[in-house]
J.: 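To start, I am sharing the structure in question, which I have written as structure tokens.
Side-chain atoms are counted along with the backbone in the values below, which use heavy atoms only and exclude waters and symmetry mates. Atoms within each ligand, like the ligands themselves, are counted from 1 in listed order.
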Amino acid sequence: MSKTQYFPKIDRSHKKDFKPISVPERLLLGPGPSNSHPDVLRAIAQPPIGHLDPYYIDLMGEVQDLLRYVWQTDNRLTLPMSGTGSSAMEATFANCIEAGEKVLVAINGYFGNRMADMASRYRAEVVTFEKEWGEAFSLAEVEEALATHRPVILAMVHAETSTGVCQPMDGIGDLCRKYDCLLLLDTVTSLGGVPLFLDKWKIDLAYSCSQKGLSCPPGLGPFTMGPRAEAKLSNRAGKVPNWYLDVSLLNQYWGSDRVYHHTAPVNMNFGMREALRLLAEEGIENAWERHRKNAYKLWNGLERLGLVLHVPEDLRLPTLTTVVIPDGVNGKAFSSHLLKKYGVEIGGGLGSLAGKVWRIGLMGYNATPENVEYLLNLFDSELPSFRETLSSSA
Ligand code: PLP
């Protein structure tokens, strides 16, 4: 049989002459992803093995233990979701909400809104309390909202990537126990870079991502659930309305049974394991200190250049700094210039801060004094011409 007889007629309209991939080198100093550690990239480039291979099973246990370490939790149900941070965010709501239950979301930025949207899709009765983008909630404000709404879950963002605010967590866990609700915390921009004490803070549910403080590419969403949330999951009247993110099914794979659920992205977990190993080798408290020191260096340098930071110092995130775009400067034109000419990425504002701030990330592998100096030099040498364009055209 000839080839033409065996195959039906081939449509060649999409077959173009593509070149082999060649990704440009970038220094990612925006809101994420951040650059991956070279050892992590080497781990991901290992040949894949089966997701039930004994070597991989051991590695899964290591990933879980290391996640418990960086989050400072003893939670049994701690695992990386196969998906980005949003998949782990969705897992918290999918597993712990039943239709009609009240979820209270604290909104002081873009990601609070995303949580409210997700909770509503699981048919929660969503109520919100809000602050300006750039402010944090006081304990009294949290208590007032809990007392007014009496929710089953309070959802908060620890590190608001849209604003650069770090939400102080002292006392909020106790309030949630007092008002008998679960405390859910988004730690996407804090894990690995900002002090986090999930058990001490009495957090019942939390999630994060791989691509920021952990120095991995995007693709995994660390998830953890404490005993109170586990009890809520066990007492559900109905099934979790999301098969892929159902933690009771996932735990049959991540727990001792090792029952197939989905084909795990094994190479991403090689990367995650290596990233977490590197963090443990550095010591999580040393990583937090490295982020803090480099953030101070960045803040002082930006202020010396006459720039204004959007968030008061006591609420600033070390991992994400919002810089007010000076009047009249086209912020997008400046960030495009840095990317095109120097391969350096910084972010623009989201939502109500769009066009008003730049967002500079110093996360994981990228939180170094060399990167801070390099970026400050670029602001020093390149920004004046963007101001000059303005004054000469005025
Ligand atoms: N929550 C916060 C605070 C984030 O910054 C992000 C993403 O940057 C997410 C959730 C969603 O994570 P992902 O984009 O990995 O899905």
J.: Working to the nearest 0.5 Å, report the span between CG of N108 and CD of E130.
T.: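 Those atoms lie 9.0 Å apart.
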J.: F223 pairs by side-chain contact (heavy atoms from CB on, under 4.5 Å) with which of N75, V247, L250?
T.: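 Option passing the side-chain contact (heavy atoms from CB on, under 4.5 Å) with F223: V247.
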J.: Using ring centroids (six-membered ring only for Trp), state whether F129 and H149 fall under 6.0 Å.
T.: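 For H149 and F129, the ring centres are not under 6.0 Å apart.
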J.: Name each N or O atom in ligand 1 that is under 3.5 Å from a protein N or O, and give the partner atom and the distance.
T.:
unit_1, atom_1, unit_2, atom_2, d
ligand 1, 1 (N), D186, OD2, 2.6
ligand 1, 5 (O), T161, OG1, 2.4
ligand 1, 5 (O), K212, NZ, 3.1
ligand 1, 8 (O), K212, NZ, 2.7
ligand 1, 15 (O), G85, N, 2.9
ligand 1, 15 (O), Q211, NE2, 2.9
ligand 1, 16 (O), T84, OG1, 2.6
ligand 1, 16 (O), G85, N, 3.4
ligand 1, 16 (O), S86, N, 2.8
ligand 1, 16 (O), S86, OG, 2.5

J.: When rounded to the nearest 0.5 angstrom, what is the spacing between CG in D170 and CG in L175?
T.: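 Between atom CG of D170 and atom CG of L175 there are 11.0 Å.
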J.: Does the distance from a Lys or Arg side-chain N to an Asp or Glu carboxylate O, for R273 and E62, drop under 4.0 Å?
T.: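 The answer is yes: the pair qualifies as a salt bridge.
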J.: Would a 4.5 Å heavy-atom cut-off, applied to side chains only, mark D204 and M225 as touching?
T.: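 Sidechains of M225 and D204: no contact.
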